[in-house]
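Single-structure report; data block below.
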Amino acid sequence: MATQENCLFCSIIQGKIPANKVYEDEVCLAFYDIDPQAPTHFLVIPKTHIPSCAGVNPDNEGVVGHIFSVIARVAEGLGLHDFRVVSNCGVQAGQSVPHLHFHVLSGRDMTWPPG
Ligand code: 5GP
Ligand code: ZN
């Protein structure tokens, strides 16, 4: 597992910062967002430090497929039928934590396009 110093989500993976976990395996961790934007809002992150979607490449792309499989299973386990998966890539797109993460939001009506 390749974590990075001074990365908030790497610190959560290492247990240095507590999180309300939803699911965990050797590849990824899912935990509830500290500032939920919907009745259900959790994040899924790879255990290896990837800065954003822009850092996905042929060497690590399997992690992303695994994360989407986990999202489907966790959503089913939580009884979520309709949900939105979001990954902000870069500051202008709204990324505030530079460790790849997928938001899973559910439980309210949503609009499109996003703000
Ligand atoms: P971004 O803004 O990068 O797309 O998403 C980062 C998310 O991480 C935000 O929704 C923010 O609320 C969440 N977040 C930031 N710090 C923490 C933390 O310490 N714990 C948890 N559970 N979520 C956090
Ligand atoms: Zn990290």
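Keep in mind that the numbers below use all heavy atoms, side chains included, and drop hydrogens, waters and symmetry copies. Atoms within each ligand, like the ligands themselves, are counted from 1 in listed order.
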Considering non-hydrogen atoms only, spot the tightest contact between [X] and [Y] and give its length.
X      : Y      : result
Cys89  : Ser52  : SG-OG, 3.4 Å
Val56  : Leu100 : CG2-CD2, 4.1 Å
Thr111 : Arg84  : O-NH2, 2.9 Å
Pro36  : His41  : CA-ND1, 3.5 Å
Cys10  : His49  : SG-ND1, 3.5 Å
Gly55  : Asn60  : O-ND2, 3.0 Å

Provide the number and element of each atom of ligand 1 under 4.0 Å from a heavy atom of [X].
X      : result
Val97  : 3 (O), 6 (C)
Asn88  : 4 (O)
Phe31  : 21 (C), 22 (N)
His103 : 1 (P), 4 (O), 5 (O), 7 (C), 10 (O)

Determine the interplanar angle of the Phe42 and Tyr32 rings, folded into 0 to 90°, and report it as parallel if under 30°, tilted if 30 to 60°, perpendicular if over 60°. perpendicular
Any N or O on Gln95 sitting closer than 3.5 Å to an N or O of ligand 1?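 Looking only at distances, the answer is no, because the N/O contact criterion of under 3.5 Å is not met.
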Less than 3.5 Å between some nitrogen or oxygen of Phe9 and one of ligand 1, yes or no?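 Among all N and O atoms of Phe9, none is under 3.5 Å from an N or O of ligand 1.
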Give the residue, atom name and distance (to 0.1 Å) of the protein heavy atom nearest [atom].
atom                    : answer
atom 2 (O) of ligand 1  : Ser96 OG, 2.7 Å
atom 16 (N) of ligand 1 : Leu8 CD2, 3.2 Å
atom 24 (C) of ligand 1 : Ile34 CG2, 3.4 Å
atom 22 (N) of ligand 1 : Tyr32 O, 2.9 Å

Do any protein N, O or S atoms sit under 2.8 Å from the Zn ion (ligand 2), and which ones are they?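 Counting only protein N, O or S atoms under 2.8 Å from the Zn ion (ligand 2), the list reads Cys7 SG, Cys10 SG, His49 ND1, His99 ND1.
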With a 3.5 Å distance limit and no angle check, can you tell me whether Gln37 reaches the backbone of Asp35 through a side-chain donor-acceptor pair?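 Yes, because the side chain of Gln37 sits within donor-acceptor range (under 3.5 Å) of the backbone of Asp35.
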Compare Asp33, Asp35, Asn20 and give the one whose heavy atom is closest to atom 11 (C) of ligand 1.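 Going through Asp33, Asp35, Asn20 one by one, Asp33 has the nearest heavy atom to atom 11 (C) of ligand 1.
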May I ask which of His101, Lys21, His99 has a heavy atom nearer to atom 5 (O) of ligand 1 than the others do?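 Nearest option to atom 5 (O) of ligand 1, by heavy atoms: His101.
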From Leu43 atom CG to Ile71 atom CD1, the distance as rounded to the nearest 0.5 Å: 10.0 Å
When rounded to the nearest 0.5 Å, the distance separating CZ of Phe31 from CZ of Phe9 is 4.0 Å
Path from Val70 to Val22 over hydrophobic side-chain contacts below 4.5 Å: yes
According to a 4.5 Å side-chain heavy-atom criterion applied to Ile, Leu, Val, Met, Phe, Trp and Tyr, with indirect links allowed, do Val85 and Leu78 form part of one hydrophobic cluster?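 Linked within one cluster.
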Does Gly94 have a heavy atom less than 4.0 Å from any atom of ligand 1?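 Judged by the 4.0 Å heavy-atom criterion, Gly94 does count as contacting ligand 1.
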